[in-house]
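Structure, as structure tokens:
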Amino acid sequence: MGRNDTQLTYFFLLGFDHLQSLTIFLFILFLIIYILTVFGNVLIIGLVTVSQRLKSPMFFFLRNLSLCEIIFTTNIVPKMLQVILEGGSKISLEGCALQLYAFGAAGIAECLLLTSMSYDRYLAICKPLHYSTIMNYKCHLCLVVFSWVAAIILPAISISMICQLYFCGSNVVDHFFCDLAPVLELSCSDTSLVEFEVFVQTIPVFVFTFIYIMATYISIFIAILKIQSTMGRQKAFSTCSSHLTVVSTYYGTMISLYVTPRGRQSVKVNKTLSLLYSVVTPLLNPIIYSLRNSEIRRALESVILKTKD
């Protein structure tokens, strides 16, 4: 990308070459999913912004998570729809770098926001008397700002290194977007330094956040089990069930993707798993929070009733 003598000026995204007979069906399906995803997350952002019921730190985090999901899916799906419709599509090296950057930024932001939300639930259930003191406006604002600053800076380091690589030979990316692994496979340069840098970033951003979230939920479950009344336990668990479901979906698909063995036989599996976390998961988040969170439902009902009046 960064050398004048590079032989490649674009990549060719292969997409779902084994599903050509389902082109129209897949295009319509993913277009509907994309529209619903954007609508659902915009709805949550709007509700949290206008509703006085949703002014707690948890919903401040949720609003930013919804923004993150919109960026995540918009970065991938529109180009994917073109790839599906045309049976493959070109993407410039600069466009590929931008897609890689946005993908990394949204992924980092989501990990850190989910971690902040788990900390919020831990304080609310395990330290309720200190919750308002610790999770004050300054605290949750700093957590969100840190999430976005890290999301902006960290992938820029990786992309700057990728842009120095020399790409030659085949320009076919066997994927529906510019994912890191298939792009690096096309480089004629030594990619070990880039791979090491990405690995070093993955440890704190993905592994440590996952371990922290699991640790907070172990503490939460222990605290819930100590509650004497059944109603009290149910009420406590209901305050974190939506977040736990989203965390399980997001990290579950990510872990499944990265433990899948490499090789030609796993390409189709990797594409399927990539679809889950890049297309399906952003749609599930507003659905999960709408169905499982009574405050979101009441706020939506309140807005609808005001509109009718």
* Trace of the side chain to side chain donor-acceptor pair (under 3.5 Å) decision for Tyr34 with Thr74 -> CA-CA 8 Å; Tyr34 175 65; Thr74 300; 3.0 Å; yes
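- Hydrophobic clustering of Ile, Leu, Val, Met, Phe, Trp and Tyr side chains at less than 4.5 Å, counting indirect connections, keeps Leu98 apart from Ile152.
- Within the hydrophobic cluster formed by Ile, Leu, Val, Met, Phe, Trp and Tyr side chains joined at under 4.5 Å, directly or through other members, Ile218 is accompanied by Ile222.
- Lys55 places no side-chain N or O within 3.5 Å of a backbone atom of Phe60 that could act as its donor or acceptor partner.
- Panel note: side chain Ser219, backbone Ala215; a donor-acceptor pair is recorded below 3.5 Å.
- At least one donor-acceptor pair closer than 3.5 Å links the side chain of Gln99 to the backbone N or O of Asn75.
- A donor-acceptor distance shorter than 3.5 angstrom exists from the side chain of Ser92 to the backbone of Gly95, with no hydrogens or angles considered.
- With Phe176 as the partner, the side chain to side chain contact (heavy atoms under 4.5 Å, CB included) test is satisfied by one option alone out of Val77, Ile84, Leu81, Ile76: Ile76.
- In this structure, Tyr122 places its OH atom where only 12 or fewer heavy-atom neighbours from other residues, nucleotides or ligands lie under 6.0 Å away.
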* To do: Give the C-alpha distance, both sets of side-chain angles, the deciding distance and a yes or no for side chain to side chain donor-acceptor pair (under 3.5 Å) between Arg121 and Thr216.
  => CA-CA 8 Å; Arg121 292 301 84 199; Thr216 56; over 6 Å; no
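- Going from atom CG of Leu62 over to atom NE2 of His243 covers 10.0 Å, rounded to the nearest 0.5 Å.
- Ring centroid separation for the pair His175 and Phe11 does not come in under the 6.0 Å cut-off.
- Of all heavy-atom pairs between Pro182 and Val173, the closest is CB-CG1, 3.9 Å.
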* Between Phe61 and Leu143, does a side chain to side chain contact (heavy atoms under 4.5 Å, CB included) hold up when you go through it step by step? -> CA-CA 9 Å; Phe61 293 131; Leu143 288 171; 3.9 Å; yes
* Let me see the working for Cys178 and Leu13 under side chain to side chain contact (heavy atoms under 4.5 Å, CB included), right down to the final yes or no. => CA-CA 8 Å; Cys178 279; Leu13 299 174; 4.2 Å; yes
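- Residue Met80 holds its CE atom at 6.0 Å from CG of Leu275, rounded to the nearest 0.5 Å.
- When all heavy atoms of Cys240 and Ile125 are compared, the closest pair comes out as SG-CD1, 4.0 Å.
- In the hydrophobic clustering of this structure, Tyr101 does not group with Val200; members are Ile, Leu, Val, Met, Phe, Trp, Tyr whose side-chain heavy atoms approach within less than 4.5 Å, directly or through other members.
- Crowding of Ile24 atom CD1: a count of heavy atoms from other residues, nucleotides or ligands under 6.0 Å not exceeding 12.
- Once rounded to the nearest 0.5 Å, the distance linking CG of Asp120 with CZ of Phe59 reads 10.0 Å.
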* To do: Apply side chain to side chain contact (heavy atoms under 4.5 Å, CB included) to Ile162 and Leu180, showing your working.
  => CA-CA 9 Å; Ile162 293 172; Leu180 181 64; 3.5 Å; yes
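- Heavy-atom neighbours of Tyr10 OH from other residues, nucleotides or ligands within 6.0 Å: at or below the threshold of 12.
- A distance-only check finds no donor-acceptor pair linking the side chain of Thr253 to the backbone of Leu273 [under 3.5 Å].
- A distance-only check finds no donor-acceptor pair linking the side chain of Thr73 to the backbone of Glu69 [under 3.5 Å].
- Residues Thr37 and Ile33 form a side-chain contact, since some pair of their non-hydrogen atoms from C-beta on lies under 4.5 Å apart.
- Here the side chain of Gln82 pairs no donor or acceptor atom with the backbone of Ser89 at under 3.5 angstrom.
- Here the shortest heavy-atom pairing between Phe237 and Leu244 reads CE1-CD2, 4.3 Å.
- The backbone N or O of Ile157 sits less than 3.5 Å from a side-chain atom of Ser160, completing a donor-acceptor pair.
- Between Leu165 and Asp190 the shortest heavy-atom distance is CD2-O, 3.9 Å.
- Considering OG of Ser238 and CZ of Arg233, their distance stands at 13.5 Å, rounded to 0.5 Å.
- In this structure, Cys96 and Val183 approach most closely via the heavy-atom pair SG-CG2, 3.9 Å.
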* Residues Glu110, Leu65; criterion side chain to side chain contact (heavy atoms under 4.5 Å, CB included); working and verdict -> CA-CA 6 Å; Glu110 183 150 2; Leu65 183 65; 3.8 Å; yes
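- Tracing side-chain contacts under 4.5 Å through hydrophobic residues (I, L, V, M, F, W, Y), one reaches Ile45 starting from Leu284; they form part of the same cluster.
- Under a hydrophobic-cluster definition in which Ile, Leu, Val, Met, Phe, Trp and Tyr are linked whenever side-chain heavy atoms come within less than 4.5 Å, directly or via other members, Ile108 and Phe196 are assigned to different clusters.
- Between the Asp179 side chain and the Ala181 main chain, no donor and acceptor come within less than 3.5 Å of each other.
- The distance from the CG atom of Asp174 to the CZ atom of Phe16 is 10.5 Å, given to the nearest 0.5 Å.
- Hydrophobic clustering (side-chain heavy atoms under 4.5 Å, transitive across Ile, Leu, Val, Met, Phe, Trp, Tyr) keeps Ile224 apart from Met231.
- Taking 4.5 Å as the limit, some side-chain heavy atom of Ser147 sits within range of a side-chain heavy atom of Ser116.
- Residues Ser158 and Val198 approach most closely at OG-CG2, 4.0 Å, considering heavy atoms.
- We find the SG-CZ distance between Cys126 and Phe221 to be 10.5 Å, quoted to the nearest 0.5 Å.
- When atom types are taken as modelled, the side chain of Asn41 and the backbone of Pro282 share a donor-acceptor pair closer than 3.5 angstrom.
- The aromatic rings of Phe206 and Phe210 lie parallel to each other, their planes meeting at an angle below 30°, with 60° marking the opposite boundary.
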